[in-house]
Amino acid sequence: MTAFTTLPLKPALLTSIETLGYTDMTPVQAQSLPPMLDGRDVIAQAQTGSGKTAAFGLSLLQSLDVDTIRLQALVLCPTRELADQVSKAIRKLAANIPNVKLLTLCGGMPLGPQLASLTHDPHIVVGTPGRVQEHLKRESLHGGGIKVLVLDEADRMLDMGFTEAIDDIIGRIAKHHQTLLFSATYPDEIRAVSKRVQKHPVEVTVDAPADEKPAIEQRFHEVEPAQKLDALAQLLGGAHAADAKRNQALVFCNMRREVDAVAQELDRRGFSALALHGDMEQRDRDEVLVRFANRSCAVLVATDVAARGLDIVALPLVVSYDIAHDPETHTHRIGRTGRAGQTGLAITLCTPRERPKAANIEELNGTPLPWRPLKVAPSRGKTLHLAPMKTLVIDAGRQDKLRPGDILGALTGDAGLDAKDIGKIDVFATRAYVAISRALANKALERLRAGKIKGRNFRVRALS
Ligand code: AMP
């Protein structure tokens, strides 16, 4: 336990902390505040609820000079809701510092009132990347005096296609500033962003409490080669029936041609299944990864090498359709399941001839493998196990200056869809993908075809 009073904070901030009823720092605060107050760049893995907002809020308020009427701190958030929450939290922390001017600037809000409130520079801006970028471009906002830049929920901002906007913003603000990056997950892209925008960052990771540590349940089933497909369909079907909305599975095969055959067979049996392997064109591979990540594919069948490109950290179910050749690969595969606070299931199918490979895994683990009997019923024809979303492809992308917000705008505006029915949006150079709730996908397609996106007509089609 570390008390806030051990930090060299301004008395006004300590008073606010007391008023808010905080006594001890949370683990993220205890680890990140000392280097942040020292002026270091920090990259912190922190979930909502970890106290991250107070951590960067206190740090940016500590270095704020209220008498200088310039923008000194910029906080970028993925959504308006988060920007509102962050603004509120910072206002509370700043309650005992007179005359702090904080402005929230988010997209989806009319520009006029924002421009009016920018006649004098605020000290702090909290906003979404697209709109902040626009104000900097228009020079309604001046970034020359920025001392602290915060990227909050950076992983979500990347997911939402804000990478370019963020890079552009950084190009428009003071060269020398402190960058604080907070992210719930650390995919490679986050590391790449940190490398690009941070200087020798101090890395903060806080272990999830023991009861939130991922737990993996393993099951080994012995099956005859001729039974494998039926066994797989049965296992996947059972998982799908348990929770169709959430359940996604990753199925590993050892050979590329087997990947194709298994994916086709699953598709024939009514699953939203796709294949992923190294023989595919990059563009097709990207498309498959997009469709799996946006939940319009329920089962991904892949080789080990191809699955490395998969950014999804943990899935509820991983199946080794073929047992891995070596124990290390097996460990890698099962590590794809098991999420914080939830048990993941890793199932391995093993034919009698493959038993020696199972023995190797057992030897490495040092414990007996959990073999379970599996009664394989022959296929009962086609039952639908469809993914909850469907993907629409727009034949336009960054080259056409198309941004995720434009697509969202077209769908919620003229097309009349509710934002809750719109999933992940991915914009590539010449194409864009948007996931829509399956039941509404055809309606969305018709409306997009009939209407315009950003005032233009683009070709739009649905992926089955
Ligand atoms: P956040 O992770 O920033 O979304 O914060 C989660 C919640 O924890 C917020 O409601 C904060 O008010 C609260 N909080 C932040 N820091 C502390 C602390 N040191 N002690 C108790 N509560 C805190």
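Just follow the structure's listing: the first ligand is 1, and inside any ligand the first atom is 1. All values below come from the heavy atoms of this structure, side chains included, with hydrogens, waters and symmetry mates left out.
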Got a salt bridge between [X] and [Y], using NZ or NE/NH1/NH2 to carboxylate O under 4.0 Å?
X: Lys420; Y: Asp418; value: yes
X: Asp426; Y: Lys424; value: yes
X: Arg333; Y: Glu328; value: no

Quiz item: Where's the contact between Asp24 and ligand 1, heavy-atom distance under 4.0 Å: side chain, backbone, both or neither?
Solution: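 The part of Asp24 near ligand 1 is the backbone, not the side chain.
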Quiz item: Counting only heavy atoms, which portion of Gln29 has something under 4.0 Å from ligand 1: side chain, backbone, both, or neither?
Solution: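 Gln29 to ligand 1: side-chain contact only, backbone stays beyond 4.0 Å.
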Exercise. For ligand 1, find out whether one of its N or O atoms is nearer than 3.5 Å to an N or O atom of Tyr22.
Key: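 Yes, Tyr22 has an N/O under 3.5 Å of an N/O on ligand 1.
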Quiz item: Going by distance only, is there an N or O of Ala54 that falls short of 3.5 Å from an N or O of ligand 1?
Solution: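 No: no nitrogen or oxygen of Ala54 is under 3.5 Å from one in ligand 1.
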With a cut-off of 4.0 Å, which atoms of ligand 1 are near a heavy atom of [X]?
X: Phe4; result: 19 (N)
X: Ser50; result: 2 (O)
X: Thr53; result: 1 (P), 3 (O), 4 (O)

Quiz prompt | Minimum-distance protein heavy atom relative to atom 4 (O) of ligand 1 | solution =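 The closest one turns out to be Gly49 N, 3.5 Å.
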Quiz item: Would a 4.0 Å cut-off, counted as strictly less than, catch a protein heavy atom around atom 19 (N) of ligand 1?
Solution: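 Yes.
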Exercise. Establish whether atom 7 (C) of ligand 1 and some protein heavy atom are separated by less than 4.0 angstrom.
Key: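 Within 4.0 Å: no protein heavy atom nearby.
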Between [Y] and [X], do the side chains contain a donor N or O and an acceptor N or O under 3.5 Å apart?
X: Gln282; Y: Asp286; result: yes
X: Thr303; Y: His277; result: no
X: Asp84; Y: Ser87; result: no

Practice problem: Check the pair Phe252, His330 against ring pair (Phe, Tyr, Trp, His ring centres under 6.0 Å), reporting the backbone distance first and the verdict last. | Solution: CA-CA 10 Å; Phe252 286 102; His330 177 80; 9.8 Å; no
